[in-house]
Amino acid sequence: MKIVIVGGVAGGASAATRARRLSEDAEIVLFERGPDVSFANCGLPYYIGGKIRDRDKLLVVTPELLKKRFKLDVRVRSSVEGIDRTAKTVRIRDLASGREYEETYDKLVLAPGAAPLRPPIPGIDLPGIFTLRNLDDVDRIKATVDDGLQQAVVVGAGFIGLELVENLANRGVSTTVVELQDQVLPPFDKEMTTPLAQALEAKGVTLLLGEAADGFEQSDGNVVVRLKSGQRLTAQLVALGIGVRPENQLAVDAGLAVGPRGGIQVNNQLQTGDPDIYAVGDAIEVKDFVSGAPTQVPLAGPANRQGRIAADNIFGRSSRYRGTQGTAILGLFGRTAAMTGASEKVLKRGDIPYRMIYVLPSDHAGYYPGAEQMILKVLFDPESGKLLGAG
């Protein structure tokens, strides 16, 4: 059995190591386009802010360790350019030398991940405009901050955007957040984000909600962010945190089905329409565990599980992926925000019946010093009482 895996990080690396545990004899080849096969995406902002001082701590596993411990053939800086489903081969380009060659497979696992959105607006590719996806990105942003950065604009108030804002502010950088929605953390229900907005403003962060970047210009070595309202913001660094899109081009070119939002479509065994090709991680479309609707949840936990389930099925084990219940947590200037399942806005959008209560417990027993009040919003089915979501 020869297994070829496209992409490392969470899903691909988990599929590779699980496959090795299931078979000592299988030939397992993992291709990763970047220089690092698996790293801690969520830790990147904290390296910029100095909370994580040792860059190597961000490396979950190295190619050398995978080769030594699991006898995997790991090839970094290798871009898979195409799939020939009839011949069961993939075409690879070695990014260091430019050489192209083919590799055969018996089973193929696609784990290409997702790429940060870069909307087609004027000036989007100017120097000084960054996204935060990998260690190369974090090195460039950190170097800019270390060089005495004074002003930054973060476009997008999602999880990664706000984590980056916190770390920039902690390093004394004057930071402005531009968010299209009328709240921070758009996945949350609006009223639950008010304490976070207050915490940001208390730390000197400027919030421009209901605003959008309309274009970018250069002026005297700075980046000027032109907003739709006509306002202009000047900064030395602009970070885009407006979401991600599935890296689906390889699948599309191979004739595999993708959903309306671009996620590679798979069954509950993580198989694509080709029974010899599996797909896992941020690139795939999954079933929302609460609503049953197709969705995309770019999180490491689900990707790791999907990788293991794909490997199980490759080796004939009956293993099923039952869907994803999106769960996320964020720390921001001493406050914590978390959610799981469906928000009220999602339930309304899906016409799903629900009831809602607010609960105000302490974070630990009141008799023990330091107890603080939490605010919980709990959503449940009015007939069965089944929990639908909380935040």
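Because the structure is predicted, anything quoted here is derived from the model rather than measured.
Side-chain contact between Thr327 and Met339 is absent, with no heavy atoms from C-beta onward closer than 4.5 Å. The closest side-chain heavy-atom distance from Val378 to Leu387 is below 4.5 Å. Here the side chains of Met192 and Ile375 are in contact, with some heavy-atom distance below 4.5 Å. A 4.5 Å side-chain heavy-atom check between Asn41 and Asn134 finds every atom pair outside the cut-off. With contacts defined as side-chain heavy-atom distances shorter than 4.5 Å, the pair Lys287/Tyr321 does not qualify. Looking only at side-chain heavy atoms (C-beta outward), Val138 and Leu132 come within less than 4.5 Å of each other. Contact annotation: the side chain of Pro187 approaches that of Phe159 to within less than 4.5 Å [non-hydrogen atoms, C-beta and beyond]. Contact annotation: the side chain of Ile83 approaches that of Leu250 to within less than 4.5 Å [non-hydrogen atoms, C-beta and beyond].
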- Audit row: Glu191, Lys377, salt bridge (charged side-chain N to carboxylate O under 4.0 Å, His left out) steps and yes/no: CA-CA 10 Å; Glu191 76 274 21; Lys377 182 177 184 177; 2.6 Å; yes
- Query: Can you check side chain to side chain contact (heavy atoms under 4.5 Å, CB included) on Lys190 and Asp182, steps first, answer last?
  - Reply: CA-CA 8 Å; Lys190 183 179 178 181; Asp182 61 353; 3.2 Å; yes
- Message: Apply salt bridge (charged side-chain N to carboxylate O under 4.0 Å, His left out) to residues Asp139 and Arg55 and explain how you reach the verdict.
- Response: CA-CA 9 Å; Asp139 288 340; Arg55 185 182 184 276; 2.9 Å; yes
- Is there a side chain to side chain contact (heavy atoms under 4.5 Å, CB included) between Gln236 and Val223 once you walk through the steps? CA-CA 6 Å; Gln236 294 84 50; Val223 179; over 6 Å; no
- Going through the distances and angles, do Thr206 and Thr175 end up as a side chain to side chain contact (heavy atoms under 4.5 Å, CB included)? CA-CA 6 Å; Thr206 301; Thr175 306; over 6 Å; no
- Residues Gln218, Asn222; criterion side chain to side chain donor-acceptor pair (under 3.5 Å); working and verdict: CA-CA 6 Å; Gln218 276 192 313; Asn222 297 320; over 6 Å; no
- Query: Where do Glu81 and Arg33 land on the salt bridge (charged side-chain N to carboxylate O under 4.0 Å, His left out) test, with the steps shown first?
  - Reply: CA-CA 10 Å; Glu81 302 288 295; Arg33 186 165 53 195; over 6 Å; no
- Item | Verdict with reasoning, Ile129 to Phe216, per side chain to side chain contact (heavy atoms under 4.5 Å, CB included) | CA-CA 9 Å; Ile129 300 175; Phe216 302 95; 3.6 Å; yes
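Listed here is the closest heavy atom pair of Arg355 and Pro382: CG-CB, 3.7 Å. The shortest heavy-atom contact between Val76 and Pro63 is CG1-CG, 3.7 Å. Here the shortest heavy-atom pairing between Gly385 and Phe380 reads O-CB, 3.9 Å. In this structure, Asp106 and Lys88 approach most closely via the heavy-atom pair O-NZ, 3.0 Å.
With a 4.5 Å cut-off between side-chain heavy atoms of Ile, Leu, Val, Met, Phe, Trp and Tyr, the cluster of Leu180 takes in none.
Salt-bridge formation is not detected for the pair Asp54/Lys57: no Lys NZ or Arg NE/NH1/NH2 atom is positioned less than 4.0 Å from an Asp or Glu carboxylate oxygen. Using a 4.0 Å cut-off between charged nitrogen and carboxylate oxygen, Asp276 and Lys107 count as a salt-bridge pair. Salt bridge status for Arg91 with Glu102: absent, with no side-chain N to carboxylate O gap under 4.0 Å. Ion pairing between Lys2 and Glu103 holds under the 4.0 Å rule for side-chain N and carboxylate O. Salt bridge status for Asp94 with Arg75: absent, with no side-chain N to carboxylate O gap under 4.0 Å. The pair Asp146-Arg171 meets the salt-bridge criterion, with a side-chain N (NZ, NE, NH1 or NH2) lying under 4.0 Å from an Asp/Glu carboxylate O.
Note: the hydrophobic cluster containing Met1 also contains Leu72 (ILVMFWY, side chain heavy atoms under 4.5 Å, direct or indirect links). With hydrophobic clusters built from ILVMFWY side chains whose heavy atoms lie under 4.5 angstrom apart, Tyr101 shares a cluster with Leu108. Linking Ile, Leu, Val, Met, Phe, Trp and Tyr whenever their side-chain heavy atoms come within less than 4.5 Å puts Leu196 and Leu207 in one cluster. Under the 4.5 Å side-chain contact rule for hydrophobic residues, Leu44 and Val244 do not share a cluster. If you chain together hydrophobic residues whose side chains sit under 4.5 Å apart, Ile284 and Leu117 never meet in one group.
For CZ of Arg20, the number of neighbouring non-hydrogen atoms (other residues, nucleotides, ligands) closer than 6.0 Å is greater than 12. Annotation for Tyr367: atom OH does not count as buried by contact number, only 12 or fewer foreign heavy atoms lying within 6.0 Å. Shown here is Lys67, whose NZ atom has more than 12 heavy atoms of other residues, nucleotides or ligands within 6.0 Å. Other residues, nucleotides and ligands contribute more than 12 heavy atoms inside 6.0 Å of the CZ atom of Arg320.
Without hydrogens or angle criteria, Arg245 side chain to Gly262 main chain gives no donor-acceptor distance under 3.5 Å. Side-chain atoms of Glu179 do not come within 3.5 Å of backbone N or O of Val184 as any donor-acceptor pair. Judged by distance alone, the side chain of Gln183 and the main-chain N or O of Leu185 form a donor-acceptor pair under 3.5 Å. Listed for the Asp288 side chain is a donor-acceptor partner under 3.5 Å among the backbone atoms of Ser291. Put simply, the side chain of Asp189 gets close to the backbone of Lys345: a donor and an acceptor are under 3.5 Å apart. For the pair Arg99 (side chain) and Ile92 (backbone), a donor-acceptor distance under 3.5 Å is absent. Between the side chain of Thr324 and the backbone N or O of Gly326, no donor-acceptor pair lies under 3.5 Å. Judged by distance alone, with hydrogens and angles left aside, the side-chain atoms of Arg140 form no donor-acceptor pair with the main-chain N or O of Ala143 at under 3.5 Å. A distance-only check finds no donor-acceptor pair linking the side chain of Lys142 to the backbone of Tyr47 [under 3.5 Å]. When atom types are taken as modelled, the side chain of Asp214 and the backbone of Leu227 share no donor-acceptor pair closer than 3.5 angstrom.
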Donor-acceptor contacts, no H, no angles, side chain residues 328-335, under 3.5 Å, sequence neighbours left out:
none

Donor-acceptor contacts under 3.5 Å from residues 25-32 side chains, at least two apart:
unit_1, atom_1, unit_2, atom_2, d
Glu32, OE1, Gly8, N, 2.9
Glu32, OE2, Gly34, N, 2.9

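For the residue pair Ser14 / Asn304, a side-chain donor-acceptor distance below 3.5 Å is found, with atom types taken as modelled. Donor-acceptor pairing under 3.5 Å is recorded for the side chains of Tyr354 and Glu344. A donor-acceptor contact closer than 3.5 angstrom is absent between the side chains of Glu163 and Asn167. Looking at Gln269 and Ser319, their side chains never bring a donor and an acceptor atom within 3.5 Å of each other. Using a 3.5 Å distance cut-off with no hydrogens or angles, the side chains of Glu211 and Ser229 do pair a donor with an acceptor.
A distance of 6.0 Å separates CZ of Phe315 from CG of Leu22, quoted to the nearest 0.5 Å. Here the OG-CD distance, from Ser78 to Glu100, works out to 11.5 Å after rounding to the nearest 0.5 Å. Interatomic distance, NZ of Lys71 versus CG of Leu66, reported as 14.5 Å (0.5 Å rounding).
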